[in-house]
**Student:** 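Quick one: the structure is below, questions incoming.
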Amino acid sequence: MTTTVPPFAEFFVPVLRALDILGGSASIEEIDDKTAVLMNISDAARTVLVGDGPRSKFDYRCAWARSWLKNAGFTNNSERGVWALTAEGRAALSLDPDEIVRRVRRADAALRKAKVVVTPERVEVEAEAAEIALKDWREQLLDILLALDPAAFERLCQRLLREAGFIKVEVTGRSGDGGIDGTGVLRLNLLSFHVLFQSKRWKGSVGAGVVRDFRGAMVGRADKGLIITTGTFTADARREAVRDGAPAIDLIDGDGLCDLLKEQKIGVRVKMVEEVTVDEAAFAGF
């Protein structure tokens with residue numbers, strides 16, 4: 001079992017193979033879990049942070065690998081975060097692993113030579129100090145969220161749940177209550193579900209024990225459980241959340257939280273660039 005995180009170039013082939021094994025398309029979470037299995041990376045290695053966090057080296061390097069594979073035309077992704085193999089990517093699986101790495105590197109070099117916009121995900125960085133400096137908008141947002149005091153973070157989660165369609169959202173925050181921070185009601189058409197939620201600012205990974213404790217506190221008190229964190233969930237925590245015979249608990253990690261804040265336009269603005277095209281043929285009939 002590997003206890004250190006390999007350089008990100010070593011992720012190219014495993015990520016490609018993970019997508020193939022998963023049926024040609026998968027969520028980021030599914031890709032990361034399968035990649036870790038293929039690379040024989042331990043759960044402890046997956047939790048090693050970049051500097052003081054909030055994201056892990058493993059997450060960073062999986063993200064870089066996905067981005068470089070996309071630049072090479074081997075993968076693509078939808079707005080919903082689903083990644084898929086392209087026909088070219090599927091064909092590449094029959095190549096020697098070293099040839100796959102060479103083709104990905106050549107594609108990146110060609111893009112940089114053409115002066116295409118270079119994003120942090122496409123910059124090959126091995127030094128940890130340089131890794132710390134690479135922050136996309138999610139990193140910046142998570143830094144802000146981690147700086148909030150606990151009560152403010154709970155109020156933010158309360159606002160987010162209301163914007164997402166919950167009603168009667170209350171923050172309780174009672175100590176010794178199994179980690180339950182609040183309650184709400186989610187109404188879907190004619191049905192309503194009583195939901196208990198936990199909202200915690202975490203650096204690093206949340207383990208299965210937190211999920212078990214939360215489930216123990218919610219049994220018999222609600223229909224659904226929800227844990228929101230600025231960190232990540234270990235593979236064991238995600239398995240525990242959907243364990244057979246136990247009430248399922250929904251998990252929202254730091255990246256998911258950032259995406260929800262963006263979707264609900266809470267503290268995140270998206271600037272759309274207008275593209276104007278002149279249709280010369282439209283004037284031909286005048």
**Student:** What do the steps show when you test Phe197 against Val169 for side-chain contact (heavy atoms from CB on, under 4.5 Å), and what is the final call?
**Tutor:** CA-CA 10 Å; Phe197 67 89; Val169 184; 4.0 Å; yes

**Student:** Does any non-hydrogen side-chain atom of Ser56 lie less than 4.5 Å from one of Thr47?
**Tutor:**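 Result no, sub-4.5 Å side-chain heavy-atom pair not found.
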
**Student:** As an exercise, state the distance from CD of Glu154 to CD of Gln198, rounded to the nearest 0.5 Å.
**Tutor:**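 Interatomic distance, Glu154 CD to Gln198 CD, rounded to 0.5 Å: 10.0 Å.
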
**Student:** Give a yes or no on this: more than 12 heavy atoms of other residues, nucleotides or ligands lie within 6.0 Å of atom NZ of Lys200.
**Tutor:**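 Enclosed.
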
**Student:** Is Tyr60 reachable from Val48 through a run of hydrophobic residues whose side-chain heavy atoms are each under 4.5 Å from the next?
**Tutor:**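 Result: no, two separate clusters.
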
**Student:** Are Leu38 and Trp64 joined in one hydrophobic group, where the rule is that I, L, V, M, F, W and Y side chains link up if heavy atoms are under 4.5 Å apart?
**Tutor:**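 The answer is no; the residues belong to distinct hydrophobic clusters.
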
**Student:** Quick one: do Asp32 and Arg61 make a salt bridge, cutoff under 4.0 Å?
**Tutor:**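 Judged by the 4.0 Å cut-off on N to carboxylate O distance, Asp32 and Arg61 do not form a salt bridge.
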
**Student:** Which atom pair, heavy atoms only, marks the closest approach of Leu16 to Ala92?
**Tutor:**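 Closest approach of Leu16 to Ala92: CD2-CB, 4.3 Å.
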
**Student:** Would you mind checking if Asp149 and Arg201 are paired as a salt bridge, meaning a charged N to carboxylate O distance below 4.0 Å?
**Tutor:**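 No, this pair does not count.
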
**Student:** Quick one: pull up CG in Asp255 and CG in Leu142 and give me the separation to the nearest 0.5 Å.
**Tutor:**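 Taking CG in Asp255 and CG in Leu142, the distance rounds to 6.5 Å.
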
**Student:** The test is side-chain contact (heavy atoms from CB on, under 4.5 Å); show your working for Leu186 and Leu161 and say whether it passes.
**Tutor:** CA-CA 9 Å; Leu186 177 61; Leu161 293 178; over 6 Å; no

**Student:** Hey, are Asn76 and Lys70 close enough side-chain-wise for a donor-acceptor pair under 3.5 Å?
**Tutor:**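 The answer is no; no qualifying pair exists.
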
**Student:** Quick check: do Ile227 and Phe233 have side-chain heavy atoms less than 4.5 Å from each other?
**Tutor:**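 A side-chain contact exists here, since the closest heavy-atom pair is under 4.5 Å.
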
**Student:** Taking all heavy atoms of Val242 and all of Arg215, pick out the closest pair and write down the distance.
**Tutor:**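 Shortest heavy-atom contact: N-NH2, 4.4 Å.
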
**Student:** Which heavy-atom pair separates Cys157 from Ser199 by the least distance, and what is that distance?
**Tutor:**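 Taking every non-hydrogen atom into account, SG-CB, 3.4 Å.
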
**Student:** Over 60° means perpendicular and under 30° means parallel, so tell me whether Trp68 and Phe12 are parallel, tilted or perpendicular.
**Tutor:**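 Aromatic pair Trp68/Phe12 classed parallel.
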
**Student:** Using the rule that two of Ile, Leu, Val, Met, Phe, Trp, Tyr join whenever any of their side-chain heavy atoms come within less than 4.5 Å, decide whether Leu93 and Leu95 are in one cluster.
**Tutor:**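 Leu93 and Leu95: one cluster.
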
**Student:** Phe166 and Leu160: side-chain contact (heavy atoms from CB on, under 4.5 Å), yes or no, with the steps?
**Tutor:** CA-CA 9 Å; Phe166 283 72; Leu160 178 60; over 6 Å; no

**Student:** So, taking the atom named CD in Glu29 and the one named CG in Asp59, what distance separates them when rounded to the nearest 0.5 Å?
**Tutor:**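 One gets 10.5 Å once the value is rounded to the nearest 0.5 Å.
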
**Student:** Are the side chain of Asp96 and the backbone N or O of Asp98 linked by a donor-acceptor pair below 3.5 Å?
**Tutor:**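 Between the backbone of Asp98 and the side chain of Asp96 there is a qualifying donor-acceptor contact (under 3.5 Å).
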
**Student:** Does a side-chain heavy-atom distance below 4.5 Å link Gln158 with Arg162?
**Tutor:**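 Yes - at least one pair of side-chain heavy atoms lies under 4.5 Å apart.
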
**Student:** Mind checking the CG-CG spacing from Leu141 to Leu146? Nearest 0.5 Å is all I need.
**Tutor:**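 The CG atom of Leu146 is 9.5 Å from CG of Leu141, to the nearest 0.5 Å.
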
**Student:** Taking Glu30 first and then Lys34, would you say they form a salt bridge - that is, a charged N and a carboxylate O separated by under 4.0 Å?
**Tutor:**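 No salt bridge links Glu30 with Lys34.
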
**Student:** Indicate yes or no: at least one non-hydrogen side-chain atom of Leu251 is less than 4.5 angstrom from one of Arg238.
**Tutor:**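 Touching, per the 4.5 Å side-chain cut-off.
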
**Student:** Can you give me the closest heavy-atom contact between Phe11 and Ala65, atom names plus distance?
**Tutor:**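 Looks like CB-CB, 3.6 Å.
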
**Student:** For a 4.5 angstrom cut-off between non-hydrogen side-chain atoms, does Ile28 reach Arg66?
**Tutor:**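 Heavy-atom side-chain distance check passes, below 4.5 Å.
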
**Student:** What's the verdict on side-chain contact (heavy atoms from CB on, under 4.5 Å) for Thr183 and Arg221, showing C-alpha distance, side-chain angles and the deciding distance?
**Tutor:** CA-CA 10 Å; Thr183 65; Arg221 299 172 58 184; over 6 Å; no

**Student:** Compile the donor-acceptor pairs under 3.5 Å between side chains in residues 243-250 and protein atoms, sequence neighbours left out, one pair per line.
**Tutor:**
unit_1	atom_1	unit_2	atom_2	d
Arg243	NE	Glu240	OE1	3.2
Arg243	NE	Glu240	OE2	3.1
Arg243	NH2	Glu240	OE2	3.0

**Student:** Please tell me whether Ile144 and Val270 are part of a single hydrophobic cluster in this structure, the criterion being side-chain heavy atoms less than 4.5 Å apart.
**Tutor:**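 Looking at the clustering, Val270 is in a separate group from Ile144.
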
**Student:** Using atom types as modelled and distance alone, determine if a side-chain donor or acceptor of Thr229 lies under 3.5 Å from a backbone N or O of Asp253.
**Tutor:**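 Looks like no, no N/O pair under 3.5 Å.
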
**Student:** Is Leu85 reachable from Val101 through a run of I, L, V, M, F, W or Y residues, each pair having side-chain heavy atoms under 4.5 Å apart?
**Tutor:**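 Yes; tracing contacts between hydrophobic side chains, which count when under 4.5 Å, links both residues.
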
**Student:** Can you tell me how far CG of Asp33 sits from SG of Cys62, rounded to the nearest 0.5 angstrom?
**Tutor:**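 With rounding to 0.5 Å, SG (Cys62) is 9.5 Å from CG (Asp33).
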
**Student:** Could you check whether any side-chain heavy atom of Arg103 comes within less than 4.5 Å of a side-chain heavy atom of Phe74, counting everything from C-beta outward?
**Tutor:**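 Yes, side chains in contact.
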
**Student:** For residues 241-277, pull every pair meeting ring-ring contact (aromatic ring centres under 6.0 Å, His included), keeping only residues two or more places apart or in separate chains.
**Tutor:**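 Every candidate ring-ring contact (aromatic ring centres under 6.0 Å, His included) pair involving residues 241-277 fails, so no pair, neighbours aside, qualifies.
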
**Student:** So which atom in Ser192 and which in Asp223 form the shortest heavy-atom distance, rounded to 0.1 Å?
**Tutor:**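 Scanning both residues, the minimum pair turns out to be O-OD2, 4.3 Å.
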
**Student:** What I'd like to find out is whether the side chain of Leu49 reaches to under 4.5 Å of the side chain of Lys57, using heavy atoms alone.
**Tutor:**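 When only atoms from C-beta onward are counted, Lys57 and Leu49 do not touch, as no gap falls below 4.5 Å.
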
**Student:** Is Asp43 close to Asp236 at the side-chain level, that is, under 4.5 Å between some pair of heavy atoms?
**Tutor:**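 Side-chain contact under 4.5 Å: yes.
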
**Student:** Is any side-chain N of the basic residue among Glu99 and Arg106 closer than 4.0 Å to the acidic one's carboxylate O?
**Tutor:**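 Yes, this pair counts.
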
**Student:** Taking Thr230 for its side chain and Gly254 for its backbone only, find out whether a donor-acceptor pair lies under 3.5 Å.
**Tutor:**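 Checking the backbone N and O of Gly254 against the side chain of Thr230, no donor-acceptor pair under 3.5 Å is found.
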
**Student:** Give a yes or no on whether the backbone of Ile31 and the side-chain of Thr35 come within a donor-acceptor separation of less than 3.5 Å.
**Tutor:**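 Indeed, once roles are kept as given, a pair shorter than 3.5 Å links the two residues.
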
**Student:** Measure the spacing between NZ of Lys262 and CG of Leu257 and express it to the nearest 0.5 Å.
**Tutor:**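 Answer rounded to 0.5 Å: 13.5 Å.
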
**Student:** Does either side chain, that of Thr232 or that of Ser205, offer a donor lying less than 3.5 Å from an acceptor on the other one?
**Tutor:**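 Judged by distance alone, the side chains do pair up.
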
**Student:** How close do Ala45 and Ile41 get, heavy atom to heavy atom, and via which atoms?
**Tutor:**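 Looking at all heavy atoms of both residues, the closest pair is CB-CG2, 3.6 Å.
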
